[in-house]
Engineer: 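I'd like to ask you about the structure that follows.
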Amino acid sequence: MMYLSPRPSQRVLVLGRSPAVNQSVVGPLLAFGIPAQGSTDPEGAARQFDAADFDLIVFGRGIVGPLSERLTRDFTLQNRDIRWIAAVAPAAVRQILSALDHDPRLPRHAMNFRVTEDGLDLLVQATVLSPCAATIEIYRHPDADAPTSELVSRFEAEPGPFERRIAGRHLEQAHTLLMTLGGDEYFLHPISAPPTQAASEEQSWFSPRKIN
């Protein structure tokens, strides 16, 4: 397990589209004494910022497809050692603090995370490396008929192959699945694109990259 330098010495750039969501993430980071900046102009982020000035870049869920690919390419050219995570707003601060403590590129509790469709259900699979507590949560669009977040599974994961079925009834109007292992390792999977990008960003984010 790789422990990184103390949090306050690491610089964070948070990219998203909603000013309210961006501030809800950047504000607590600053309160922790972490040098953090935010931007709601992801299209111009690679011109406005130099990845050499940061240790971690956080992608919001409005940053997808060609834009995500271009930002990844441009920022990597600026700093080959830059680290990335994808964040979902209710858990974003916890995800960032965890990524500052441990290199998110190195597995801790699990690896080979993947999600596949099985009819109307989703199958969540991974290889668990060490015994740990685990949860699976679903995040929905803010105008959904059901709660915007739902804990659909809580369990003790044991080393070896892992599989969990998420019934289709949990997935209506959902946009993101988040699996948390050991309270400090996060795996995201986008379920659907938001119906209106700006409105949905008021509640949550995702990026199509997965943290392995």
Engineer: Is there a side-chain contact (heavy atoms from CB on, under 4.5 Å) between T180 and E137 once you walk through the steps?
Structural biologist: CA-CA 8 Å; T180 305; E137 298 167 271; 4.2 Å; yes
Engineer: Search all heavy atoms of N22 against all heavy atoms of G16 and return the closest pair with its distance.
Structural biologist: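 Nearest heavy atoms, N22 then G16: ND2-N, 3.9 Å.
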Engineer: Given side chains that start at C-beta, do those of P131 and P159 come closer than 4.5 Å, heavy atoms only?
Structural biologist: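 With C-beta onward as the side chain, the pair touches.
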Engineer: Heavy atoms only: give me the nearest V88-L188 pair and the separation to one decimal.
Structural biologist: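 Closest approach of V88 to L188: N-CD2, 4.0 Å.
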Engineer: Is the shortest heavy-atom distance from the side chain of V12 to the side chain of I34 under 4.5 Å?
Structural biologist: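 A side-chain contact under 4.5 Å exists here.
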Engineer: Is there a donor-acceptor pair under 3.5 Å between the side chain of Q125 and the backbone N or O of P161?
Structural biologist: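 No, because the side chain of Q125 does not come within donor-acceptor range (under 3.5 Å) of the backbone of P161.
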Engineer: Measure the spacing between CG of D184 and CG of D101 and express it to the nearest 0.5 Å.
Structural biologist: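 Nearest 0.5 Å value for the CG-CG distance: 8.5 Å.
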Engineer: Supply the atom-to-atom distance I136 CD1 to L177 CG, rounded to the nearest 0.5 angstrom.
Structural biologist: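 Result: 6.0 Å between the selected atoms.
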Engineer: With side-chain contact (heavy atoms from CB on, under 4.5 Å) as the test, would you mind laying out the steps for F49 and I57 before giving the verdict?
Structural biologist: CA-CA 11 Å; F49 300 98; I57 296 179; over 6 Å; no
Engineer: Identify the heavy atoms of R83 and P104 that sit nearest to each other, and give their distance.
Structural biologist: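 Closest approach of R83 to P104: CD-CD, 3.9 Å.
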Engineer: Are any of the side-chain heavy atoms of L178 and F187 separated by less than 4.5 Å?
Structural biologist: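 Answer no - side chains too far apart.
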Engineer: To the nearest 0.5 Å, what is the distance between CD on E163 and CG on L123?
Structural biologist: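 The distance works out to 5.0 Å.
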Engineer: Below 4.5 Å, heavy atoms only, C-beta onward: do R70 and E43 meet side chain to side chain?
Structural biologist: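 In contact.
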Engineer: Report the C-alpha separation of F75 and W84 in whole Å, then their side-chain angles, then the decisive distance to 0.1 Å, and conclude whether the side-chain contact (heavy atoms from CB on, under 4.5 Å) test is met.
Structural biologist: CA-CA 10 Å; F75 279 132; W84 311 86; 3.3 Å; yes
Engineer: Is any side-chain heavy atom of I166 closer than 4.5 Å to a side-chain heavy atom of L171?
Structural biologist: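 SC-SC contact between I166 and L171 confirmed.
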Engineer: Measure the NE2-CE distance between H109 and M179 for me, rounded to the nearest 0.5 Å.
Structural biologist: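 Here the interatomic distance stands at 11.0 Å.
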Engineer: For the CG atom of D74 and the OG1 atom of T76, what is their distance to the nearest 0.5 Å?
Structural biologist: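 OG1 of T76 is found 8.5 Å from CG of D74.
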Engineer: Can you tell me which residue among R165, H170, R164 is in a side-chain hydrogen bond (donor to acceptor under 3.5 Å, both in side chains) with S153?
Structural biologist: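 The residue from R165, H170, R164 that satisfies side-chain hydrogen bond (donor to acceptor under 3.5 Å, both in side chains) with S153 turns out to be R164.
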Engineer: Between the side chain of E156 and the main-chain N/O of A134, is any donor-acceptor distance below 3.5 Å?
Structural biologist: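 Side chain of E156 to backbone of A134, a donor-acceptor pair under 3.5 Å: no, none is there.
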Engineer: Could you check if a side-chain atom of L151 sits within less than 4.5 angstrom of a side-chain atom of T135, using non-hydrogen atoms only?
Structural biologist: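 Heavy-atom side-chain distance check passes, below 4.5 Å.
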Engineer: Any salt bridge linking E150 with R169? Criterion: basic side-chain nitrogen under 4.0 Å from a carboxylate oxygen.
Structural biologist: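 A salt bridge is absent here (no side-chain N lies under 4.0 Å from a carboxylate O).
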Engineer: For a quick test of reading the model, state the closest non-hydrogen atom pair linking Q10 to L100 and the distance between them.
Structural biologist: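 That would be NE2-O, 2.7 Å.
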Engineer: I need the T116 OG1 to H189 NE2 distance, nearest 0.5 Å.
Structural biologist: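 Going from the OG1 atom of T116 to the NE2 atom of H189 covers 8.5 Å.
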Engineer: L71, L77: one ILVMFWY side-chain cluster at the under-4.5 Å cut-off?
Structural biologist: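 L71 and L77: separate clusters.
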Engineer: I'd like to check L67 versus P42 (side-chain heavy atoms, cut-off strictly below 4.5 Å). Are they in contact?
Structural biologist: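 Yes, at least one pair of side-chain atoms sits under 4.5 Å.
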Engineer: Evaluate D50 against N79 for side-chain contact (heavy atoms from CB on, under 4.5 Å), listing each step before the verdict.
Structural biologist: CA-CA 8 Å; D50 189 333; N79 180 1; 5.6 Å; no
Engineer: For a quick test of reading the model, state the closest non-hydrogen atom pair linking V21 to S24 and the distance between them.
Structural biologist: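 Closest pair (atom of V21, atom of S24, distance): O-OG, 2.6 Å.
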Engineer: A side-chain contact here means heavy atoms from C-beta on lying under 4.5 Å apart; do I85 and L56 qualify?
Structural biologist: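 A side-chain contact exists here, since the closest heavy-atom pair is under 4.5 Å.
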Engineer: Just say parallel, tilted or perpendicular for the rings of F155 and F162, cut-offs at 30° and 60°.
Structural biologist: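 Taking F162 first and then F155, their aromatic rings lie parallel (interplane angle under 30°).
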Engineer: Counting only N and O atoms by type, is there a donor-acceptor contact under 3.5 Å from the side chain of Q78 to the main-chain atoms of A51?
Structural biologist: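 Indeed, once roles are kept as given, a pair shorter than 3.5 Å links the two residues.
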Engineer: How about S98 and R108: does a side-chain donor come under 3.5 Å of a side-chain acceptor?
Structural biologist: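 Present: a donor and an acceptor within the cut-off.
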Engineer: Which heavy atom of A110 sits nearest to which heavy atom of L181, and what is that distance?
Structural biologist: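 That closest heavy-atom pairing would be CB-CD1, 3.1 Å.
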Engineer: Checking side-chain polar atoms at under 3.5 Å, does R17 have a donor or acceptor matched by the opposite partner on T40?
Structural biologist: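 No, because no side-chain N or O of R17 sits under 3.5 Å from a partner of the opposite role on T40.
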Engineer: Is there a donor-acceptor pair under 3.5 Å between the side chain of R140 and the backbone N or O of P147?
Structural biologist: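 Present.
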Engineer: Would you please classify the geometry between the Y139 ring and the H175 ring as parallel, tilted or perpendicular, with 30° and 60° separating the classes?
Structural biologist: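 Geometry flag for Y139 against H175: parallel rings.
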